[in-house]
2 protein chains.
Amino acid sequence: MSGTGERVTIKDVAARAGVSKGAVSLAFNHKPGVSEATRERIFAVARELGWAPSATARSLSSQRVDIVGLALCRPARLLGLEPFYMDFISGIESVLAERSCSLLLRLVRDLDEEIALYQEWWRGRMIAGAILVDFREDDPRVPALHRLGMPAVAVGHPRLTGTFPAVWTDDASATAEAVRYLAALGHRRIARVGGPADLGHSAIRTRAFADTVRELGLEEARQIATGFDEKEGARATRTLLLAADRPTAIVYDNDIMAVAGAGVAAEMGFTVPDDLSLLAWDDSQLCRITHPTLSAMSHDVHHFGAEVARVLFDVLNGVHTGGHQVPTPSLTPRGSTAPAPGV
Amino acid sequence: MSGTGERVTIKDVAARAGVSKGAVSLAFNHKPGVSEATRERIFAVARELGWAPSATARSLSSQRVDIVGLALCRPARLLGLEPFYMDFISGIESVLAERSCSLLLRLVRDLDEEIALYQEWWRGRMIAGAILVDFREDDPRVPALHRLGMPAVAVGHPRLTGTFPAVWTDDASATAEAVRYLAALGHRRIARVGGPADLGHSAIRTRAFADTVRELGLEEARQIATGFDEKEGARATRTLLLAADRPTAIVYDNDIMAVAGAGVAAEMGFTVPDDLSLLAWDDSQLCRITHPTLSAMSHDVHHFGAEVARVLFDVLNGVHTGGHQVPTPSLTPRGSTAPAPGV
DNA sequence: AGCCCCCTGTTAACCGGTAAAGCTGTAATT
DNA sequence: AATTACAGCTTTACCGGTTAACAGGGGGCT
């Protein structure tokens, strides 16, 4: 009971197998220098003794770590709510796991805390590199972390991510596609409920949205910046629908807000999609469980995460990979979009 | 540009401050043995040089690690969908962060992989302890990990978690409360859509549900075991509603399935809550964004996670804490429950 | 003056691996 | 037979901290 406390080390294995520490190390790292017979004997002993090399000691001497860091800076309750993150993380994991690498996760309150955390992690040699998300315009992390010299991938448009290799989706094109689709259905007053204005991709979408609306000669579009959560999504929807010139279609920046918007529409007596079309973003499973199901700009978040992890490995291996663009979110029409009323 | 590569170590700091490595170590660990003046000088130099102690080296020599592990064994797509996990993780984080401890996360495919992972993590001294979730009846992790001697907290009923200190909610009482509530509304045919039968807490709820139904003299209850995701939740709901003796109320084991169930009900022409009452579990924000809002057995998952982390720290500090019961989920009536039709 | 003590610091031995350099014995080459 | 080549190990010096043991020096006390 209560573990002997004496943990077995490479020395024990070496002694038991009748070889030196060095031989055990060579064997376990599949390096030449030990015969097949000896290698097998060493493995047998290791299994018998229940030994695994100490990652700590290994990384101290080899200067390598098998951990990558991810700091998320969003209010805790939002993280729980948004399917995006877990999907993204599971995508990252799928790539990390096959290289027996682990993910170090931490939630932080603000960017300063995030920068401090990365400094601690990197200087403390706890991580080999990091994944940076949620870029803002003139993000303070770009200079700070670049100064650190820490390898990292940035999730966001290259314009925002500075010196870090970027992985991103073409939000501008996707936004344009969304607007064109709704316009093709006859909608002339289209509104958008976006994320926080200081978030880089929100800004990109806002611009693309306005540009496309102008280009198609639609009526001046109303866009509302929110905090990404369901309350703000609901409020924004209410605001839009109460206006005299209420829109006949609304595009949301994530699916949480779209679902909340659908609730508000129902509550206010609008029928989706007959009176009002709704178009979500990200397209998690959430869009498929509501009634009516939500049309969305869909986007394989799991693969996105996987691609990010792959690029990070390239960076860690010194492969100088440029930016990687992941497939543009594409329209997945479902039950929440239909021709504009009276068309 | 491109980081000098030369990372600063304790030796550099010591040299620059004109003291020995030992002095720097003492200063940074706030141990007696250095004067206030020297301590400050050392800190100043460390700041100037941008040094932070190497966690790797530190844990190699001090035999301590500031990382705890969490392996999740659920299909990736479900993880993304279920708000539970992120909420739970953010609760854990809130406690870890204040002790500057990080969370090592990994998704695994099955229990064998999970056991192997913990062995690797523990023997490799990567983690100080672990958080175990999703216990099954006769869970193979109990003997395997107990043999490892790894400190851990178990999330689940003590009957299932064996030798590990447990943190759990009283699912039996909560289930009973749910049934009593619906019975009080006049429902006589109540069904339940549960999680996988081999999951420990599903089994507990199943039993409690059947017991309470019998105790109240309600009609024989139909319970369906599913895989926790929205598709199975929808299918189970369809099955229940197509039966000749369809229930007038359904209890779901998580909110995903409840939302899916609401969709199915609408699609089949039932009005919630007039024709059919629905009661969810876990009560994430998801229950508040649907229309009508979902009544739920609510449960502060964030606090649950925090409590789990706290107990883990107790274990790590040798405090022999018994099992901790977290407040029983309590009924939060919203728009999806109402008196049975004709009452 | 002599002694002891405490405060401040140094030294050196670890922690458990990795990796380069060194050392065998045997087989191949000349 | 002598030289070389090389597979197969061993030795040893790190990696960057922690920590116990030890040293110098000033002040208080007798």
Side-chain angles (χ1 to χ4, degrees), chain A residues 5-43 45-46 49-67 100 120-128, chain B residues 5-43 45-46 49-67 100 120-128:
Chain A
E6 297 314 317
R7 291 166 75 173
V8 22
T9 77
I10 197 174
K11 223 186 327 189
D12 304 315
V13 175
R16 192 78 199 276
V19 294
S20 68
K21 290 200 307 177
V24 177
S25 176
L26 291 177
F28 254 77
N29 292 300
H30 298 99
K31 292 193 177 172
V34 282
S35 67
E36 197 49 44
T38 312
R39 185 187 307 279
E40 273 174 23
R41 187 155 38 90
I42 291 174
F43 273 95
V45 171
L49 263 44
W51 177 77
S54 155
T56 304
R58 192 206 287 261
S59 69
L60 178 57
S61 75
S62 69
Q63 309 281 45
R64 281 180 289 104
V65 207
D66 282 336
I67 302 183
S100 51
E120 187 193 319
W121 275 354
W122 174 246
R123 293 178 174 160
R125 293 152 173 78
M126 289 183 66
I127 58 172
Chain B
E6 297 312 316
R7 293 165 75 172
V8 22
T9 76
I10 198 175
K11 222 187 325 191
D12 304 315
V13 176
R16 194 80 200 280
V19 294
S20 67
K21 290 200 307 177
V24 176
S25 177
L26 292 177
F28 253 78
N29 292 299
H30 298 97
K31 292 194 177 174
V34 284
S35 67
E36 195 50 43
T38 313
R39 185 187 307 278
E40 273 173 22
R41 185 154 40 89
I42 291 174
F43 273 96
V45 171
L49 264 44
W51 177 77
S54 154
T56 304
R58 193 207 285 265
S59 70
L60 178 57
S61 75
S62 69
Q63 309 281 40
R64 280 179 290 103
V65 205
D66 281 335
I67 301 182
S100 51
E120 187 192 319
W121 275 354
W122 174 246
R123 292 178 175 159
R125 293 152 175 77
M126 290 185 65
I127 58 172

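Every chain is numbered from 1, with letters handed out A, B, ... down the list of sequences.
- Here the closest heavy-atom approach between residue A/Val8 and residue A/Asp12 is recorded as CA-OD2, 3.3 Å.
- Checked against D/dT18, C/dG16, D/dG16, the side chain of A/Ala57 finds its nearest nucleotide in C/dG16.
- Remark: C1' of D/dA7 and CG of A/Leu26 are 12 Å apart, rounded to the nearest angstrom.
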Under 3.5 Å, which donor-acceptor pairs do the side chains of residues 22-34 of chain B form with other protein atoms, sequence neighbours left out?
residue : atom : partner : partner atom : Å
B/Asn29 : OD1  : B/Arg58 : NH1          : 2.9
B/Asn29 : ND2  : B/Ser25 : O            : 2.8

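- What separates CZ of A/Arg123 from C1' of D/dC15 is a distance of 20 Å, to the nearest Å.
- Side chain of A/Arg7 to backbone of B/Trp122: a donor-acceptor contact under 3.5 angstrom is found.
- A distance of 6.0 Å separates CD in A/Glu120 from OG in B/Ser100, rounded to the nearest 0.5 Å.
- To the nearest angstrom, P of C/dC15 lies 14 Å from CZ of A/Arg7.
- Going from atom CE of B/Met126 over to atom OG1 of B/Thr56 covers 9.5 Å, rounded to the nearest 0.5 Å.
- In terms of phosphate contacts, A/Ser25 brings a side-chain nitrogen or oxygen within less than 4.0 Å of OP1 or OP2 of C/dT18.
- Taking every heavy atom of residues 28-35 of chain B and every atom of DNA chain D, pairs under 4.0 Å involve B/Asn29, B/Lys31, by number.
- Nearest heavy atom pair, residue B/Val13 against residue B/Ile42, reads CG1-O, 4.2 Å.
- Taken from CZ in A/Arg41 to CZ in A/Arg16, the straight-line distance is 12.0 Å, to the nearest 0.5 Å.
- When rounded to the nearest whole Å, the span between CD1 of B/Ile10 and P of D/dT19 equals 11 Å.
- The two residues B/Leu60 and A/Ala57 make their nearest non-hydrogen contact at CD1-CB, 3.7 Å.
- Residue-level contact check: A/Val24 touches neither bases nor backbone, having no heavy atom under 4.0 Å from any strand.
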**Complete:** The contact string for nucleotides 22-27 of chain C, one letter per nucleotide 5' to 3', using protein heavy atoms under 4.0 Å with B, S and - for base, sugar-phosphate only and none, comes out as ------

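- Contact between the side-chain N/O atoms of B/Gln63 and the OP1/OP2 oxygens of C/dG16 is found at a separation under 4.0 Å.
- Summarising the geometry, the separation between NZ on A/Lys21 and C1' on C/dA21 is reported as 16 Å, rounded to the nearest angstrom.
- One atom, CH2 of A/Trp51, and another, C1' of C/dG17, lie 8 Å apart when rounded to the nearest Å.
- Distances shown here put every side-chain N or O of B/Ser61 at or beyond 4.0 Å from the OP1 or OP2 atom of D/dT18.
- In this model, the phosphate group of C/dG9 is approached by a side-chain N or O of B/Thr38 to a distance below 4.0 Å at OP1 or OP2.
- Remark on DNA chain C: of its neighbouring residues B/Ser20 and A/Pro53, the 5'-side contact belongs to B/Ser20, judged by nearest-heavy-atom nucleotide.
- We find that CG of A/Leu60 is positioned 4 Å from C1' of D/dC15, with the value rounded to whole Å.
- Rounded to an integer number of Å, the gap from NZ of A/Lys11 to C1' of C/dC14 is 9 Å.
- Expressed to the nearest 0.5 Å, how far CZ of A/Arg123 lies from CG of B/Leu49 amounts to 9.5 Å.
- With rounding to the nearest 0.5 angstrom, the OG1 atom of A/Thr9 is 8.0 Å from the NZ atom of A/Lys21.
- Closest to the side chain of A/Thr9, from the set C/dG17, D/dT10, C/dT10, is C/dG17.
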